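Quick note on labels: first sequence line is chain A, next is B, and so on, each numbered from 1. All values reported here derive from a predicted model rather than from experimental measurement.
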Amino acid sequence: MSDEQVKLNVGLARMLCGGVIMDVTNKDQARIAEDAGACSVMALEKIPSDIRRDGGVARMSDPKMIMEIKEAVSIPVMAKVRIGHFVEAQILQQLGIDFIDESEVLTPADDTHHIDKWAFRTPFVCGATNLGEALRRISEGAAMIRTKGEAGTGNIIEGVRHIRTIKREMQCISQLDESELFAEAKRLQAPVEQLRAIRTSGKLPVPNFAAGGVATPADAAMLMQLGAESVFVGSGIFRSSDPARFARAIVEATTHFNEPAKLLDVSGDLGAPMPSIAMETLTDHQKLQHRGW
Amino acid sequence: MTVGVLALQGGFALHESVLRQLNVDVRRIRYGSDLEDADGLIIPGGESSTMLKLGTRELWDGIIAFAATRPVWGICAGSILISRHVSNPDQESLGVIDIATRRNAYGAQNDSFIATVEIDLDKKRVLECVFIRAPKIVGIGPNVTVRATCNDDPIMVEENGNIATTFHPELSGSIEVHRYFVAKIETFRSER
């Protein structure tokens with residue numbers, strides 16, 4: 001991936017800012033998402049809550065199904081590959097997907113290495129729970145970061161924790177002198193040059209979106225107020241009682257995230273959100289956020 | 001001078017930082033009433049179909065009226081929104097500038113590209129042009145001036161102070177096109 005390609009790929013990520021990226025499992029859902037105002041869709045065979053329920057190995061979706069979704073909508077289409085599975089990524093690049101999500105929601109294919117994303121032309125988004133993880137993914141070539149949250153739970157607490165953690169760790173860097181910067185780079189296990197750049201700019205070099213556990217318009221607006229630049233919604237749309245209305249309301253809440261009157265307006269009479277899971281009932285082993293290194 | 005930036009979805013934050021470098025006041029536009037004290041308007045890149053769904057009728061009517069007397073600049077998705085006609089697929093648009101655009105005309109993200117192009121601004125300038133899932137301008141009215149082409153396709157056009165670019169000057173690190181737009185706004189303002 002050349003410098004030009006970085007500009008193009010981070011550029012596409014920037015064009016997705018202020019929007020909602022929705023998980024869809026077929027072309028009808030993709031059209032509902034697009035009609036509701038999604039800025040992109042994530043094509044996958046099972047939404048996270050079903051992956052969680054069914055267990056087993058979750059892999060890249062059938063390329064035929066991804067193509068059907070790609071042909072059904074005019075907005076960019078993303079799809080997921082397993083962490084470290086560079087061949088699944090080669091297949092999606094060949095298919096002409098707009099963004100590849102190297103995702104903890106699927107079962108990891110490699111317990112040590114993430115994909116060398118510099119080897120690809122297609123942009124990647126990767127999950128992160130803290131700044132060190134985000135910077136490692138960026139140094140591997142990710143063009144977009146999304147905080148992981150805890151996918152498929154309808155519980156926003158982990159997403160909030162992750163975005164607050166990244167924000168706090170960046171604020172901390174802005175206070176460090178040069179020698180402290182080296183110690184902090186060691187602690188975060190991230191390149192010191194990237195820390196130095198954050199100290200100057202106050203932000204990540206790529207957009208930082210939020211994901212995992214968004215179930216309501218208020219959840220989406222909360223992540224935006226905490227500094228997310230866009231929101232991924234997985235099970236929150238198509239496991240709710242009225243997907244089209246939830247989709248539309250979450251899109252409106254993401255754009256007008258700082259307008260309580262508008263948030264009140266879109267939050268009412270939506271029906272039931274997705275079934276949710278309390279974090280205490282999940283063992284560490286069941287938490288998807290721990291996948292990735 | 002105050003320049004509005006449509007902030008429904010997309011790359012609006014990048015334009016705000018370029019405009020600040022040019023020492024103009026910036027205002028985020030989400031409703032028609034936000035346009036009142038703006039002297040010009042940027043409609044940024046992003047997803048045109050998303051923006052269409054998020055804007056109210058009052059906003060779109062406001063922008064159409066605004067564009068009759070003050071400059072509007074649409075970038076990529078913004079150029080689609082201000083077109084007279086949109087295809088691939090057909091989509092509503094504002095008709096602020098007499099062009100027809102075709103969405104995603106180059107293909108998906110793997111077909112996005114960067115080209116170095118000579119652009120006819122206040123004088124001719126050679127600029128890096130970043131095209132991301134870009135539209136093509138496929139039809140042009142009689143009063144539209146073409147300011148730049150790339151492989152024979154118009155990529156920057158202007159009519160009555162309203163501008164459409166299918167590339168993203170805000171991603172190239174150059175502020176020349178923004179400077180040109182701000183000067184255009186200044187001209188319109190002094191004539192009002």
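Heavy-atom distances place the backbone of B:A7, and not its side chain, under 4.5 Å from chain A. If you measure heavy-atom distances from B:L171 to chain A, the contacts under 4.5 Å come from both the backbone and the side chain. Residue contact with chain A, scored on non-hydrogen atoms closer than 4.5 Å, involves the side chain of B:E128 exclusively.
For CG of B:D90, the number of neighbouring non-hydrogen atoms (other residues, nucleotides, ligands) closer than 6.0 Å is greater than 12. A 6.0 Å sphere centred on CD of B:E92 holds no more than 12 heavy atoms belonging to other residues, nucleotides or ligands. In the displayed structure, A:K27 atom NZ is contacted under 6.0 Å by at most 12 heavy atoms of other residues, nucleotides or ligands. Annotation: A:R164, atom CZ; neighbour count of heavy atoms from other residues, nucleotides and ligands within 6.0 Å does not exceed 12. Enclosure of atom CG in B:D122 by more than 12 non-hydrogen atoms of other residues, nucleotides or ligands within 6.0 angstrom is indicated. Within 6.0 Å of atom CZ in A:F86, 12 or fewer heavy atoms from other residues, nucleotides or ligands are found, so the atom counts as exposed in its surroundings. By the neighbour-count criterion of 12 heavy atoms within 6.0 Å, atom CD of B:E36 is sparsely surrounded, having that number or fewer from other residues, nucleotides or ligands.
Across every non-hydrogen atom of A:P76 and B:R133, the tightest pair is N-NH2, 3.3 Å. In this structure, B:A108 and A:G96 approach most closely via the heavy-atom pair CB-O, 3.6 Å. Here the shortest heavy-atom pairing between A:T255 and B:R30 reads O-NE, 3.4 Å. When all heavy atoms of B:T50 and A:C39 are compared, the pair lying nearest together is OG1-CA, 3.4 Å. Across all their heavy atoms, A:I75 and B:S49 have their closest contact at CG2-OG, 3.5 Å.
Taken from CE in A:M15 to CD1 in B:I75, the straight-line distance is 9.0 Å, to the nearest 0.5 Å. Here B:Q109 contributes atom CD and A:L12 contributes atom CG; the two are 4.5 Å apart, rounded to the nearest 0.5 Å. Atom OG of residue B:S112 and atom NZ of residue A:K7 lie 14.0 Å apart, to the nearest 0.5 angstrom. We find the OG-CD1 distance between A:S2 and B:I114 to be 7.5 Å, quoted to the nearest 0.5 Å. In this structure, OG1 in A:T254 is found 12.5 Å from CG in B:L8, a value given to the nearest 0.5 Å.
Most heavy-atom pairs under 4.5 Å with chain A: of the set B:V130, B:N88, B:N104, this distinction falls to B:N104. The greatest number of non-hydrogen atom pairs below 4.5 Å with chain B, out of A:S74, A:S230, A:S40, A:A38, is found for A:S74.
Between the side chain of B:Q9 and the backbone N or O of A:V20 there is no donor-acceptor pair closer than 3.5 Å.
Of all residues spanning residues 88-95 of chain A, those with a heavy atom less than 4.5 Å away from chain B's heavy atoms are A:Q93, arranged by number.
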>> Please determine whether side-chain contact (heavy atoms from CB on, under 4.5 Å) holds for the pair A:V251 and B:K53, giving the CA-CA distance in whole Å, both sets of side-chain angles, and the decisive distance to 0.1 Å.
In response: CA-CA 10 Å; A:V251 168; B:K53 271 141 204 153; over 6 Å; no
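The residues B:E170 and A:R14 are annotated as not salt-bridged, no charged nitrogen and carboxylate oxygen being separated by less than 4.0 angstrom.
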